[in-house]
Amino acid sequence: MEIKRNFNMRESRVLKKLRAGETVSCFKLNLPGGEIAEIAAMSGFDCLWLDREHVVQDWADIKAQNWAAKSHDVDIMVRVSRGSYSDYIKPLELDATGILVPHIMNLEDAKRVVYFTRFHPIGRRSIDGGNADGAYSAMDFCEYLKKANEQRFIALQIEDPEPLDDLEAIASLEGYDMLFFGPGDFSQGIGAPGQWEHPLLMETRKRVAEVARKYGKFAATTGNLDNAGKLIDMGYQFISIGADVIGLNTYCQELIRGFIKLNRL
């Protein structure tokens with residue numbers, strides 16, 4: 001007897017919550033290995049942020065962290081290296097749920113990203129289907145293309161002053177899901193590194209959220225528990241609120257302060 005199975009692409013937890021009007025929590029991983037990803041996923045975050053722009057996470061790390069996250073129904077977002085189309089689509093082919101493309105500088109830049117990362121009829125993403133996202137060729141071909149466009153998210157990072165003139169046009173562009181404001185590089189770009197209360201930074205953060213919502217995109221950014229409420233009120237639905245290295249630093253410093261205090265008693 002022939003047994004037929006229908007393989008379906010895993011639905012995005014992030015997109016499901018965003019489309020329902022809910023707020024998404026994200027946690028950034030700078031350290032390699034699946035164990036930390038699994039601990040974070042077990043804790044209940046909606047999304048784990050991996051990084052190919054600044055961090056030395058290789059493809060084996062990305063695979064292990066992705067498997068760990070998926071086992072707890074948690075999404076993976078990979079910030080990609082800027083380069084060829086292969087740099088953009090490899091995380092998606094590993095079945096990452098989304099990618100974050102840094103330093104979008106103008107409308108044409110945004111159009112190229114959409115063209116390379118979405119299948120027909122939106123773009124011309126290169127097709128394989130034999131990787132994890134296509135169930136290793138077990139998914140129906142046309143269903144694979146359709147679900148990849150529907151259940152995998154593309155985020156464009158606005159973190160420079162240069163794209164501000166094109167911001168409305170970028171936000172109105174079809175084919176991607178999220179505008180992600182990056183305050184760190186933006187502060188440097190305006191000549192005020194680390195000045196988080198700088199008027200232009202605060203104005204731009206608010207403007208990105210407003211423009212994203214105006215054109216049906218989701219607004220995303222980095223934050224913390226102290227300012228997350230303000231960001232939500234501003235219109236941000238996707239907030240990265242912590243990182244493994246920050247948590248480890250805090251824990252180690254608390255331990256050593258306590259130990260030193262004991263030795264002074």
Side-chain angles (χ1 to χ4, degrees), residues 5-52 55 57 59-80 88-101 117-119 129-140 143-155 176-178 180 217-223 225 228 231-232 236-244 246-247:
R5 296 186 62 189
N6 294 319
F7 289 91
N8 295 314
M9 187 173 289
R10 175 184 166 272
E11 290 188 355
S12 167
R13 174 171 172 166
V14 166
L15 288 175
K16 183 176 181 179
K17 292 190 72 170
L18 291 176
R19 289 165 179 168
E22 300 176 39
T23 305
V24 166
S25 62
C26 181
F27 187 76
K28 189 172 188 291
L29 300 182
N30 279 39
L31 302 175
E35 295 85 355
I36 297 174
E38 186 164 25
I39 290 171
M42 288 167 56
S43 299
F45 289 99
D46 299 307
C47 185
L48 304 183
W49 170 0
L50 313 184
D51 204 325
R52 292 277 298 174
V55 184
Q57 288 164 328
W59 294 115
D61 293 323
I62 300 292
K63 285 199 295 185
Q65 291 169 323
N66 193 29
W67 287 333
K70 288 198 298 183
S71 70
H72 296 278
D73 192 31
V74 172
D75 283 8
I76 285 285
M77 176 181 74
V78 180
R79 180 159 60 180
V80 297
Y88 300 159
I89 67 171
K90 275 186 179 179
L92 297 173
E93 291 178 332
L94 288 171
D95 206 23
T97 331
I99 62 169
L100 173 61
V101 183
T117 58
R118 291 300 197 196
F119 291 127
N131 296 299
D133 64 330
Y136 309 101
S137 299
M139 277 188 72
D140 174 80
E143 186 70 5
Y144 163 59
L145 304 188
K146 178 175 178 286
K147 290 297 184 182
N149 282 346
E150 291 176 354
Q151 292 297 328
R152 297 296 175 259
F153 62 85
I154 309 299
Y176 76 98
D177 307 279
M178 197 181 302
F180 193 115
K217 304 302 190 299
F218 302 111
T221 192
T222 59
L225 291 180
L231 295 172
I232 293 169
Y236 283 97
Q237 282 184 255
F238 181 110
I239 304 173
S240 184
I241 56 172
D244 52 7
I246 296 173

Query - Passing option when Phe27 is tested against Val74, Ile241, Asp244 for side chain to side chain contact (heavy atoms under 4.5 Å, CB included) - result: Asp244

Query raised in the report: How far apart are the C-alpha atoms of Phe7 and Tyr136, what are their side-chain angles, what is the distance that settles it, and do they pass the ring pair (Phe, Tyr, Trp, His ring centres under 6.0 Å) test?
Result: CA-CA 10 Å; Phe7 289 91; Tyr136 309 101; 9.4 Å; no

Flag side-chain contact, heavy atom, 4.5 Å: [X] against [Y]:
{"X": "Ile99", "Y": "Thr117", "answer": "yes"}
{"X": "Tyr88", "Y": "Ile154", "answer": "no"}
{"X": "Arg10", "Y": "Arg152", "answer": "yes"}
{"X": "Val80", "Y": "Pro91", "answer": "yes"}
{"X": "Phe180", "Y": "Thr222", "answer": "yes"}

Between [X] (side chain only) and [Y] (backbone N and O only), is there a donor and an acceptor less than 3.5 Å apart?
{"X": "Glu38", "Y": "Ala68", "answer": "no"}
{"X": "Asp46", "Y": "Ser25", "answer": "yes"}
{"X": "Gln65", "Y": "Gly33", "answer": "yes"}
{"X": "Glu93", "Y": "Asp133", "answer": "no"}
{"X": "Gln237", "Y": "Phe218", "answer": "no"}

Where [X] and [Y] come nearest, the two heavy atoms and their spacing:
{"X": "Ile239", "Y": "Ala228", "result": "CD1-O, 3.9 Å"}
{"X": "Cys47", "Y": "Phe153", "result": "SG-CZ, 4.4 Å"}
{"X": "Ser137", "Y": "Gly130", "result": "OG-CA, 3.4 Å"}
{"X": "Gly129", "Y": "Tyr144", "result": "CA-CE2, 3.6 Å"}
{"X": "Ala37", "Y": "Leu48", "result": "O-CD1, 3.4 Å"}
{"X": "Ala220", "Y": "Met178", "result": "CB-SD, 3.4 Å"}

Query raised in the report: Does a salt bridge link Arg13 with Asp75, judged by any charged N lying under 4.0 Å from a carboxylate O?
Result: no

Supply the atom-to-atom distance [X] [atom1] to [Y] [atom2], rounded to the nearest 0.5 angstrom.
{"X": "Lys90", "Y": "Asn131", "atom1": "NZ", "atom2": "CG", "value": "10.0 Å"}
{"X": "Arg79", "Y": "Ser240", "atom1": "CZ", "atom2": "OG", "value": "9.5 Å"}
{"X": "Ile62", "Y": "Leu94", "atom1": "CD1", "atom2": "CG", "value": "7.5 Å"}
{"X": "Leu15", "Y": "Phe238", "atom1": "CG", "atom2": "CZ", "value": "10.0 Å"}
{"X": "Leu50", "Y": "Leu31", "atom1": "CG", "atom2": "CG", "value": "11.5 Å"}
{"X": "Ser12", "Y": "Met77", "atom1": "OG", "atom2": "CE", "value": "11.5 Å"}

**Report entry** Within 6.0 angstrom of Glu150 CD, more than 12 heavy atoms from elsewhere
**Finding:**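 Counting other residues, nucleotides and ligands, CD of Glu150 exceeds 12 neighbours.
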
Requested in this report: Verify the neighbour count for atom CD of Glu35: are there more than 12 heavy atoms of other residues, nucleotides or ligands below 6.0 Å?
Outcome: no

Query raised in the report: Hey, mind stepping through Lys28 and Val55 against side chain to side chain contact (heavy atoms under 4.5 Å, CB included) and telling me if it holds?
Result: CA-CA 11 Å; Lys28 189 172 188 291; Val55 184; 4.1 Å; yes

Query - Sequence-distant partners of Asp177, side chain to side chain donor-acceptor pair (under 3.5 Å), two or more places apart - result: Arg118

